[in-house]
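This report concerns only the one structure given below.
Here the structure is a predicted model, which is why all the values come from computation and not from measurement. Only heavy atoms go into these numbers, but all of them, side chains included; no hydrogens, no water, no symmetry mates.
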Amino acid sequence: MGVVLRNLQKVVPLRRARLRRDVDTLRHILGIQKFDLGIICVDNQKMQQINHIYRKKNTPTDVLSFPFYEDLRPGKLPCPLHRDELNLGDIFLGVEFVMKQCQEESLDLHGALTVVTAHGICHLLGYRHETEEEWTEMQQRENYILSEYSRLTGRHLDPLMKRCSQDR
């Protein structure tokens with residue numbers, strides 16, 4: 001199984017090979033290599049449109065996740081019955097939005113995209129942050145993922161701040 005990575009935006013130059021490699025590392029850390037995953041990179045206009053349709057928020061954002069398994073409990077992997085159910089869902093990355101955040105905070109774009117993707121994957125795996133307790137649980141999982149990423153790649157990535165993540 002694999003990752004479908006589509007770059008539907010032309011605003012930000014994107015190194016797709018690095019992003020794909022980083023997503024594969026995240027999948028390895030989480031033990032989800034057998035599952036398909038869609039990553040779609042979009043600009044602010046498209047992200048705002050999607051955010052408005054699905055969340056009734058008429059602003060762009062960094063990441064939106066659309067899980068294949070909507071009722072998955074955090075930390076539990078899906079148990080698909082058929083091969084065509086080996087899918088976690090899709091993640092829309094607001095590449096332009098993330099780039100602007102990176103410029104404001106002097107961060108590396110590709111590192112930030114990896115962090116945002118890890119956050120999106122957590123949502124596909126049932127994590128939410130509607131309450132403080134859920135946020136803490138999700139933050140702990142992301143911290144683990146990013147520490148393992150650093151151990152495996154030698155590149156240190158900081159987790160998202162609570163104020164930055166505006167996803168679904």
Side-chain angles (χ1 to χ4, degrees), residues 3 5-7 9 11-33 35 37-44 46-48 50-51 55 57 59-67 72-77 88-168:
V3 174
L5 177 59
R6 302 222 29 224
N7 184 15
Q9 59 85 41
V11 179
V12 179
L14 193 63
R15 293 185 299 197
R16 288 180 20 178
R18 175 169 171 193
L19 183 57
R20 179 178 298 281
R21 213 172 30 253
D22 288 348
V23 171
D24 284 340
T25 301
L26 296 174
R27 291 171 71 225
H28 170 76
I29 291 166
L30 291 163
I32 57 172
Q33 300 95 315
F35 292 94
L37 174 65
I39 308 279
I40 303 98
C41 300
V42 297
D43 59 23
N44 277 349
K46 186 67 172 174
M47 189 58 113
Q48 181 171 338
I50 296 166
N51 203 15
R55 297 180 63 227
K57 295 186 179 187
T59 60
T61 188
D62 53 0
V63 60
L64 291 170
S65 299
F66 296 91
L72 199 59
R73 290 183 55 218
K76 303 295 181 194
L77 290 181
L88 289 180
D90 295 316
I91 298 170
F92 284 80
L93 296 179
V95 178
E96 183 180 1
F97 187 90
V98 173
M99 182 196 69
K100 287 184 179 166
Q101 284 184 322
C102 288
Q103 288 172 338
E104 291 169 7
E105 300 176 30
S106 299
L107 298 173
D108 171 62
L109 172 65
H110 286 84
L113 289 173
T114 301
V115 172
V116 170
T117 301
H119 186 82
I121 291 173
C122 283
H123 277 299
L124 297 183
L125 294 173
Y127 289 90
R128 300 285 173 263
H129 46 77
E130 304 292 320
T131 66
E132 283 297 320
E133 184 179 314
E134 288 175 339
W135 175 258
T136 300
E137 182 180 29
M138 187 168 189
Q139 189 90 28
Q140 288 171 346
R141 188 63 174 158
E142 287 179 28
N143 287 340
Y144 166 77
I145 294 165
L146 296 177
S147 69
E148 282 299 297
Y149 177 90
S150 294
R151 186 180 67 78
L152 292 170
T153 66
R155 291 192 311 251
H156 176 76
L157 299 176
D158 291 317
L160 289 174
M161 299 295 294
K162 188 171 187 175
R163 63 178 170 73
C164 295
S165 179
Q166 306 169 5
D167 56 17
R168 176 173 190 227

If you look at every heavy atom in [X] and [Y], which pair is closest and at what distance?
X: F35; Y: R27; answer: O-NH2, 2.9 Å
X: Q48; Y: P60; answer: OE1-CD, 3.5 Å
X: M47; Y: D62; answer: CE-O, 3.8 Å
X: P159; Y: N143; answer: CG-OD1, 3.1 Å
X: L77; Y: G31; answer: CD1-O, 3.8 Å
X: C102; Y: D108; answer: SG-O, 3.8 Å

Note, [X] side chain near [Y] side chain (heavy atom, < 4.5 Å):
X: Y144; Y: Q140; value: no
X: T61; Y: T59; value: no
X: E137; Y: P74; value: yes
X: V12; Y: V98; value: no
X: C41; Y: L14; value: yes
X: Y127; Y: R141; value: yes
X: L107; Y: D158; value: no
X: K100; Y: N44; value: yes

Say you draw a straight line from [atom1] of [X] to [atom2] of [Y]; how long is it, rounded to the nearest 0.5 Å?
X: E134; Y: E132; atom1: CD; atom2: CD; value: 10.5 Å
X: L26; Y: H119; atom1: CG; atom2: NE2; value: 13.5 Å
X: M138; Y: E130; atom1: CE; atom2: CD; value: 10.5 Å
X: S150; Y: I145; atom1: OG; atom2: CD1; value: 12.0 Å
X: L109; Y: L19; atom1: CG; atom2: CG; value: 9.0 Å
X: T117; Y: L5; atom1: OG1; atom2: CG; value: 9.0 Å

Inset, instruction - Using a strict 4.0 Å threshold on nitrogen-to-oxygen distance, state whether R155 and D22 make a salt bridge. - result: yes

Inset, instruction - Give a yes or no on whether a salt bridge exists between D43 and K46, defined as a side-chain N under 4.0 angstrom from a carboxylate O. - result: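 Looking at K46 together with D43, the answer is no, because their closest N to O distance does not fall below 4.0 Å.
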
Does [Y] offer a backbone N or O that forms a donor-acceptor pair with the side chain of [X] under 3.5 Å?
X: H110; Y: R18; answer: no
X: R20; Y: V3; answer: yes
X: D90; Y: F66; answer: no

Inset, instruction - Can you establish whether the number of heavy atoms outside R6 located under 6.0 Å from its atom CZ is more than 12? - result: no

